[in-house]
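Okay, structure first, notes after.
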Amino acid sequence: MTGTLTEADLQRMTRSGMPPLTREEGLALFDAALGSTEPMALPVRLDLTALRQQGDVPPLLRSLIRTPGRRAAAATAVGDAAAAFAQRLAGLTAAEGCEVVLDAVRGQVAAVLGHAGATDIDQDRAFLDLGFDSLTAVELRNRLSALTGIRLPATLLFDYPTPTELVDHLHARLAPEPSSGPEAILGELERLEKTFGGLDVTEEMHEQIAGRLEVLRAKWTALRATAASAGPDASSSDEDFDFASASDEEVFDLLDNELGLS
């Protein structure tokens, strides 16, 4: 039954508190079960120390591991770790914060999959392609919940199928961006910049997007010019044009006129 398990699978079993049996141990337990008068026997190897460190002991094993005080201490430790991680994000820009969360996610992914380092984890590759299954997905969810202090769903990796998407989700919950003001605008620009990567840009798409970006640039420049206007001496060919309420088509027409294209 375990002949096809990888080294990463065996490491996961060990971390969960149930290290695999050697061939000799398995045969010895089988012989012991045959010679026993007990109606049922469970040949399993338990690492009680590893089970205690998980904090939430499975109900089936709680008669073996009585740790009410330890569970409370573990909960306190998780809270302290989450507070420390949130403190690391304090005062960072959205881009800097996402990098911190990305490093943390990569580190946890590497630990779950048994990789030596986190730098080789492709942030845009799907978790399923990285080698995750239902068991490792839950383990990663548990690790990230402990790290962030956020109650995360068991479907986390299916809801956010790549590290990049997961990082955006976690960062938004850990350090929500303001809904208005300069930081909100800069955050939107950073997200927009990220979407450029990997696009297969056609000529038509380039023209459409370049046009929309030019409209935004013109509106932003107009806002600055309006703020800089000191009084009646300030003049501009666009002073009567209302950029705030103008449609994109109207701004395009104005740009064409300014550039002599119409």
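By convention here, the first residue in the shown sequence is residue 1. Worth saying up front: this structure is predicted, and the values here are computed from it rather than measured.
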Query raised in the report: Roughly how far, to the nearest 0.5 Å, is the CG atom of Asn142 from the CG atom of Leu152?
Result: 9.0 Å

Report task. Report the residues that fulfil ring pair (Phe, Tyr, Trp, His ring centres under 6.0 Å) with His206, sequence neighbours left out, ordered by chain and then residue number. Result -> none

Report summary line: Value for CG (Leu156) from NE2 (His169), rounded to nearest 0.5 Å, stands at 6.0 Å

Show which side-chain atoms of residues 17-27 pair as donor or acceptor with protein atoms under 3.5 Å away, not counting sequence neighbours.
from  : atom 1 : to    : atom 2 : distance (Å)
Thr22 : OG1    : Glu25 : N      : 3.1
Thr22 : OG1    : Glu25 : OE1    : 3.3
Glu25 : OE1    : Thr22 : N      : 2.9

Query - Residue pairs involving residues 85-110 (criterion salt bridge (Lys or Arg N to Asp or Glu O under 4.0 Å); sequence neighbours excluded) - result: none

Query raised in the report: Roughly how far apart are Leu89 CG and Leu174 CG, rounded to 0.5 Å?
Result: 6.0 Å

Query raised in the report: With hydrophobic residues grouped by side-chain heavy-atom distances under 4.5 Å, do Leu140 and Ile150 end up in a single group?
Result: yes

Requested in this report: Measure the CZ-CD distance between Arg217 and Glu214 for me, rounded to the nearest 0.5 Å.
Outcome: 4.0 Å

Report task. If a pair satisfies side chain to side chain donor-acceptor pair (under 3.5 Å) and one of its residues is in residues 127-136, list it, with sequence neighbours excluded. Result -> Asp133-Thr136

**Report entry** Identified side chain to side chain contact (heavy atoms under 4.5 Å, CB included) counterpart of Tyr160 within the set Leu170, Asp168, Leu166, Val167
**Finding:** Leu166

Query raised in the report: How does the hydrophobic cluster around Leu5 look, that is, which other residues are in it when side-chain heavy atoms under 4.5 Å mark a link?
Result: Leu10, Met13

Requested in this report: Kindly write out the residues that satisfy side chain to side chain donor-acceptor pair (under 3.5 Å) with Thr162, not counting sequence neighbours, or none if the list is empty.
Outcome: Glu165

Query raised in the report: Between Ala104 and Leu147, what is the shortest heavy-atom contact and its length?
Result: CB-CD2, 3.7 Å

Query raised in the report: For Val138, what are the other residues in its hydrophobic cluster, where any two members join if their side-chain heavy atoms are less than 4.5 angstrom apart?
Result: none

**Report entry** Working for side-chain contact (heavy atoms from CB on, under 4.5 Å), residues Asp120 and His115
**Finding:** CA-CA 9 Å; Asp120 294 333; His115 294 327; over 6 Å; no

Query - Apart from Leu34 itself, residues in the same hydrophobic cluster as defined by side-chain heavy atoms under 4.5 Å - result: Phe30

Report summary line: Sorted by chain and number, sequence neighbours left out, side-chain contact (heavy atoms from CB on, under 4.5 Å) with Ile209 holds for Met205, Leu213

Requested in this report: Determine which pairs satisfy salt bridge (Lys or Arg N to Asp or Glu O under 4.0 Å) with at least one residue from residues 140-161, sequence neighbours left out, and list them in order.
Outcome: Glu139-Arg143

Query raised in the report: Which pairs, with at least one residue in residues 132-159 and sequence neighbours excluded, count as a ring pair (Phe, Tyr, Trp, His ring centres under 6.0 Å)?
Result: Phe127-Phe132

Query - Closest approach of Ala41 to Pro43 (non-hydrogen atoms, all atoms of both residues) - result: O-CD, 3.5 Å

Query - For the student: nearest non-hydrogen atoms of Ala110 and Gly117, plus distance - result: CB-O, 3.5 Å

Query raised in the report: When you measure from the side chain of Arg15 to the backbone N and O of Ala111, does any donor-acceptor pair fall under 3.5 Å?
Result: yes

**Report entry** Pairs touching residues 27-41 that satisfy side chain to side chain donor-acceptor pair (under 3.5 Å), sequence neighbours left out
**Finding:** none

Report summary line: What one should report as the nearest heavy-atom pair of Asp122 and Pro163 is O-CG, 3.8 Å

